**Q** 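The structure follows.
Quick note on labels: first sequence line is chain A, next is B, and so on, each numbered from 1. Note that the coordinates shown come from a computational prediction; the quantities given were computed from them, not determined experimentally.
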Protein chains: 2
Amino acid sequence: MQMSVATARNYVPESPRRTAQVIPAAHRFAAPDVSGLAGVVLHYARGTEIVAEEDPAEYIYQVVEGTVRSCKLLSDGRRQIGAFAMAGDYFGLEARATHGYAAEAITDVTLRLINRNAAFTAAGQDPAIARTLWEVTAKGLDASQRHALLLGRKTALEKIGSFLQEMAERQGCDAEVELPMSRQDIADYLGLTIETVSRTMTQLESAGTICLETSRHVLLRRPSELARLSLC
Amino acid sequence: MQMSVATARNYVPESPRRTAQVIPAAHRFAAPDVSGLAGVVLHYARGTEIVAEEDPAEYIYQVVEGTVRSCKLLSDGRRQIGAFAMAGDYFGLEARATHGYAAEAITDVTLRLINRNAAFTAAGQDPAIARTLWEVTAKGLDASQRHALLLGRKTALEKIGSFLQEMAERQGCDAEVELPMSRQDIADYLGLTIETVSRTMTQLESAGTICLETSRHVLLRRPSELARLSLC
DNA sequence: CGCAGTATTGATAGTTCTCAAAACGGGTGG
DNA sequence: CCACCCGTTTTGAGAACTATCAATACTGCG
């Protein structure tokens, strides 16, 4: 009755690789935000699956450079991207001992891997670390709830507006945005189809709100209009 | 262009009261799960607003009895319920110093209030408490991400199926569910309208999957069918 | 230059929403 | 105990937004 096999087109065929390049020990460093926790820095090529859904959660990841998508799949291939992790963001820190979502490199990425058990042990000895782990998780929860509002109650136009504004904010520029992800990624993040994303972008351009320099490079002509669209 | 004033019908007119009844000190107790943290137990009448969006986050709440909805509003009244908190569940534990969502009593509820600062202080001294605070938050994050998948990628039928199954699981019974919330609450939780919720329920009943004893009391005739619908 | 993947645009269908009205249920007061 | 009221739920008819199917442009790259 519903979209059975049809929507399987949301499935992204790229079969992700799973090879990481080990970086020399000299490059290891302790992040400023999780003081006391050292981490190994690794590189992953664009398209690589960093963790798969249900993988044992061995590490907590912090993005040093690049963009990572975390996503969940439905059995028929429909995909929902829960978040994009960019420089400074963490992912992979979860309640259960297995990952609840997959994480894939959208661009070439540099990640700092922190052993989960080591982190918990350190948190048990240093309240500051415990507090940081909690804050990282709590901020993720806040973002996820804001995202739920978008998914459940916003129109396509409002979703795209919110998305562009979010990306602009995260890049610290309110006049210009560089999108590291494909239209399919945006669609799966916003709960839309790739066609609707494309059409809505075009619609915003026709209205003079944005200008699509290229499909991945967007000028925000009227940020106030985007703010009005995102509605909160 | 989009739903402007129209969707304001999602707004729930009940103006929530904000009075709680103080329970005698004899009823205070330390919860088993956050050992070491005492809390004041309060009662809130059905319909009461327990915390408002942007209220200063003074307390962490644990539901002793009853059901609470946590929700966010869009400026035009569209509402998204992020979660239903039922016996044992926590809410109000957030990254920022203000609440990111409102919490309202769906039924008469009994809550245990834990002072936020006290909790953080205790967490700084007792790693077990710190760990528990983190776990509560992490589980909320996991639930929110699963919910995002539902909101972004499931059909109305799948949403209702998932919802009934979730409620059945939380009530520890796979043959029968008591719904403490209205159709409007269900709609705002699933990102649907009240009419679609009603129609879909009827559709499931016609198909013999469920039986609506009353609108709030549902018999699950074919749990396996519901499981198939929830798709994960 | 041509290929392959990605993005845009077009035409149409369909699920869900909107507007509207009727049915239901619970509580109250006579 | 029953009629009445009010809020909730269900049902109906039609519109609208977004998805689907399909074809055409792009873009980066070998």
**Q** Given D:dT10, C:dT18, C:dA7, identify the nucleotide with an atom nearest to the side chain of B:Ser215.
**A**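 Among the listed nucleotides, the one closest to the side chain of B:Ser215 is D:dT10.
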**Q** What about B:Arg199: does its side chain form a donor-acceptor pair under 3.5 Å with the base of C:dT18?
**A**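 Result: at least one qualifying N/O pair found.
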**Q** When you check the phosphate oxygens OP1 and OP2 of D:dT27, does a side-chain N or O of A:Arg216 lie under 4.0 Å from one of them?
**A** no
**Q** Taking the basic N atoms (NZ, or NE/NH1/NH2) and the acidic carboxylate oxygens, is any pair closer than 4.0 Å for B:Arg69 and B:Asp188?
**A** no
**Q** Would you kindly give the NZ-to-P distance between B:Lys154 and D:dT18, to the nearest whole Å?
**A**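 After rounding, the reported distance stands at 21 Å.
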**Q** Minimum heavy-atom separation for B:Tyr189 and B:Glu166, please, with both atom names.
**A**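 Answer, listing the atom of B:Tyr189 first, then B:Glu166: OH-OE1, 3.0 Å.
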**Q** Whole angstroms only, please: what is the CD-P distance between A:Gln203 and C:dT8?
**A**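 Rounded to whole Å, this separation is 14 Å.
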**Q** Looking only at the side chain of B:Ala156 (C-beta and beyond, no hydrogens), which of the listed nucleotides C:dT9, C:dT16, C:dA7 gets closest?
**A**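 Of the candidates, C:dT16 comes closest.
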**Q** Closest approach of B:Arg78 and A:Lys154, non-hydrogen atoms and distance?
**A**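 Shortest heavy-atom contact: NH1-CA, 3.9 Å.
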**Q** Ignoring backbone atoms, establish whether B:Thr196 has a side-chain N or O less than 4.0 Å from OP1 or OP2 of C:dT16.
**A**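 Result: no.
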**Q** Nearest nucleotide by nearest heavy atom, which residue falls closer to the 5' end of DNA chain D, A:Gly191 or A:Thr214?
**A** A:Gly191
**Q** Over how many whole Å does the gap from A:Gln184 atom CD to C:dA7 atom P extend?
**A** 9 Å
**Q** Rounded to whole angstrom units, what separation is found between the CZ atom of A:Arg46 and the C1' atom of C:dG5?
**A**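 A:Arg46 atom CZ is separated from C:dG5 atom C1' by 10 Å.
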**Q** Salt bridge or not for B:Arg79 and B:Asp185, using N-O below 4.0 Å?
**A** yes
**Q** Under 4.0 Å between a Lys/Arg side-chain N and an Asp/Glu carboxylate O for A:Asp108 and A:Arg46?
**A**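 No, this pair does not count.
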**Q** D:dT10, C:dC17, C:dA7: which one has an atom nearest the side-chain heavy atoms of B:Ile194?
**A** D:dT10
**Q** What's the closest nucleotide to the B:Glu195 side chain, out of D:dG12, D:dT9, D:dT18?
**A**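 My answer, after comparing the listed nucleotides, is D:dG12.
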**Q** Please report the distance, rounded to the nearest Å, between CD1 in B:Ile186 and P in D:dT8.
**A** 13 Å
**Q** Using C1' atoms of five pairs at each end, report the bend of the helix from C:dC1-D:dG30 to C:dG30-D:dC1 rounded to 10 degrees.
**A**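 Roughly 30°, once rounded to the nearest ten degrees.
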**Q** Could you state the atom-to-atom distance from CZ of A:Arg153 to C1' of D:dT18 in whole Å?
**A** 16 Å
**Q** Base, sugar-phosphate, or nothing for B:Ser198, non-hydrogen atoms under 4.0 angstrom?
**A** base
**Q** So, B:Tyr61 versus B:Tyr90, ring centres under 6.0 angstrom or not?
**A** no
**Q** Looking only at side-chain atoms of A:Thr193, point me to the closest of D:dT20, C:dA7, D:dT10.
**A**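 My answer, after comparing the listed nucleotides, is D:dT20.
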**Q** Does the side-chain hydrogen bond (donor to acceptor under 3.5 Å, both in side chains) test come out yes or no for B:Ser162 and B:Ser230, once each step is laid out?
**A** CA-CA 4 Å; B:Ser162 303; B:Ser230 38; 4.6 Å; no
**Q** Between atom CG in A:Leu212 and atom C1' in D:dT27, what is the gap in whole Å?
**A** 15 Å
**Q** Which listed nucleotide (D:dT18, C:dT8, D:dT10) is nearest to the side chain of A:Arg183?
**A**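 The listed nucleotide nearest to A:Arg183's side chain is C:dT8.
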**Q** Are side-chain heavy atoms of A:Gln80 and A:Cys71 found at a separation under 4.5 Å?
**A** no
**Q** Distance check needed: D:dT9 C1' versus B:Asp185 CG, whole Å only.
**A** 14 Å
